[in-house]
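Atoms within a ligand are numbered from 1 in the order they appear, just like the ligands themselves. Bear in mind the structure is a predicted one, so any value in this text is a computation, not a measurement. Start at 1 with the first residue, then count along the sequence.
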Amino acid sequence: MSVSLERVRELDRQDPLADFKCRFALPEGVLYLDGNSLGAQPTAARQAVDGTLDQWRDELIKGWNQGWFDAPERLGDLMAPIIGARDGEVVVTDNITLNLFKLLGYITGQRSDDRRTVLSEGGNFPTDGYIAQGFCRVSGHEHRFLPEGGELAAHLDGVAVVVLSQVNYRTGRLRDMAATTRLVHEHGAEVIWDLAHSAGALPVDLNGCGARYAVGCTYKYLNGGPGAPAFLYVHRDHQDGGWQPLSGWHGHAAPFAFEADYAPAGDITRFRTGTHSALIYSALEASLSVWAEVDMQALRDKSLAMSELFRECLAGIFAAHGIEDLTPPTEARGSQVSLVDTEHGYAIVQALIARGVIGDYREPGLMRFGFTPLYLSFEDVWRAARHFREVVESGEYREPRFQVRGAVT
Ligand SMILES: *Cc1c(COP(=O)(O)O)cnc(C)c1O
């Protein structure tokens with residue numbers, strides 16, 4: 001390959017984040033480039049979950065008063081600095097899908113004008129559009145898609161709220177959050193930012209961008225564990241806007257008063273719904289304790305250096321094998337490399353997995369490789385690229401066993 005092993009080892013020696021790798025438990029012989037789908041396990045997570053199991057055994061119901069019940073707000077405050085928010089602006093609860101529904105209802109419930117459209121992004125992760133459509137069925141709003149690549153300003157007429165991803169899950173393209181937020185507000189609409197592929201992948205500055213509403217998940221770049229809860233952000237000045245539609249008892253102003261009628265809590269707590277899993281919150285809290293030590297600019301620098309290294313190691317191979325590289329230029333890139341081969345993409349990813357190189361595949365034809373600076377070294381990236389080159393150049397992916405499809409891709 002054009003890039004020497006000596007050079008990548010030198011990059012590793014100079015890497016200020018190199019010591020974080022030993023804080024993660026990764027299986028032997030695996031090169032993991034799928035932290036954008038499910039983050040790796042922080043070693044502290046096992047101890048934390050074991051501790052919560054012990055607490056359940058020994059303390060029983062008392063555990064709810066020993067940190068379980070207020071975990072959504074406590075973890076929200078731990079999340080806040082990672083996404084440029086302040087204490088009291090973030091709650092960790094439910095999943096992105098439900099949090100979008102809550103925010104759609106909360107935002108539209110405050111509007112008294114005749115804007116009746118909910119706009120979501122064509123080409124975004126499907127659940128964002130699905131839940132907007134479901135919301136519109138019960139609320140009577142009209143749902144529209146912003147065409148992929150369409151000019152946002154031309155589609156904001158009559159729009160009450162638009163749902164946008166900061167980083168697109170397929171292409172890895174990064175939107176300018178400050179400029180876009182300003183544009184949407186100037187057109188009299190609100191925007192809910194989906195940070196699924198940006199929180200923990202790059203520095204995010206919700207307050208600095210003037211963002212009022214955001215959601216994101218913690219099981220991807222943030223390493224919270226399978227099924228770890230999502231987060232929901234509402235700017236401090238926009239927290240007294242009435243009900244959110246999933247008005248459950250944990251979001252009540254006095255959940256243990258057991259009153260007949262709902263009254264929303266006066267702060268970010270109103271976005272809670274019902275009982276959560278103390279076990280998975282403890283895994284996430286362990287991960288957030290690692291994040292508290294991370295310099296996000298160093299993370300960004302390493303992320304871009306790794307995705308560039310991967311592409312450099314594969315120079316020439318894309319054109320020679322009909323693979324399209326969708327990866328945006330570095331200034332507009334999240335933390336992934338996106339390659340398309342509609343005919344062989346699935347089989348190439350399967351052949352790589354058989355070699356211990358885990359990326360993922362998304363229809364149609366998309367091969368995604370995520371770069372997670374806390375537990376990947378430059379040498380890992382170099383080795384993964386070498387496997388990619390070998391799989392493609394040898395035609396190994398053509399073997400019948402790599403054509404078989406499982407339920408989860
Ligand atoms: C992963 C992802 C989701 C996941 O939604 P959940 O409700 O947490 O399962 C939503 N939106 C985007 C953009 C994603 O990438």
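No hydrogens or angles considered: a donor-acceptor pair under 3.5 Å links the side chains of E89 and N207. In this model, no donor atom of one side chain and acceptor atom of the other lie less than 3.5 Å apart for S165 and R175.
Among the atoms of D128, some N or O lies under 3.5 angstrom from an N or O of ligand 1. For the pair Y169 and ligand 1, the shortest N or O to N or O distance does not fall below 3.5 Å. Taking any N or O of I96, backbone or side chain, at least one lies under 3.5 Å from an N or O belonging to ligand 1.
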Intermediate values then yes/no, side chain to side chain donor-acceptor pair (under 3.5 Å), R368 and S37: CA-CA 10 Å; R368 285 193 314 183; S37 283; 3.1 Å; yes

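At a heavy-atom cutoff of 4.0 Å, ligand 1 is contacted by no atom of F101, backbone or side chain.
For ligand 1, the atoms sitting less than 4.0 Å from at least one non-hydrogen atom of T97 are 5 (O), 6 (P), 7 (O), numbered in the order shown with element in parentheses. Residue H197 has at least one heavy-atom neighbour below 4.0 Å for each of these atoms of ligand 1: 15 (O). Within ligand 1, the atoms closer than 4.0 Å to a non-hydrogen atom of N124 are 13 (C), numbered from 1 in the order shown. Counting atoms of ligand 1 from 1 in the listed order, those under 4.0 Å from a heavy atom of A196 are 2 (C), 12 (C), 13 (C), 14 (C), 15 (O). In the vicinity of T127, heavy-atom distances shorter than 4.0 Å reach the ligand 1 atoms 5 (O), 10 (C).
Protein heavy atom nearest atom 9 (O) of ligand 1, with residue, atom name and distance: Y219 OH, 3.4 Å. Closest protein heavy atom to atom 2 (C) of ligand 1: K220 NZ, 2.4 Å.
Heavy atoms of S165 come nearer than 4.0 angstrom to ligand 1 in at least one pair.
For the atom pair CD1 (I61) and CH2 (W68), the distance works out to 8.0 Å, reported to the nearest 0.5 Å. Atom-to-atom distance recorded for L304:CG and L309:CG is 12.5 Å, nearest 0.5 angstrom.
Within the cation-pi definition used here (under 6.0 Å to the ring centroid, within 45° of the axis), R23 does not qualify as a partner of Y375.
Between D94 and R272, none of the side-chain N atoms (NZ, or NE/NH1/NH2) sits under 4.0 Å from a carboxylate O, so this pair counts as no salt bridge. Between K21 and D380, at least one side-chain N (NZ, or NE/NH1/NH2) sits under 4.0 Å from a carboxylate O, which counts as a salt bridge.
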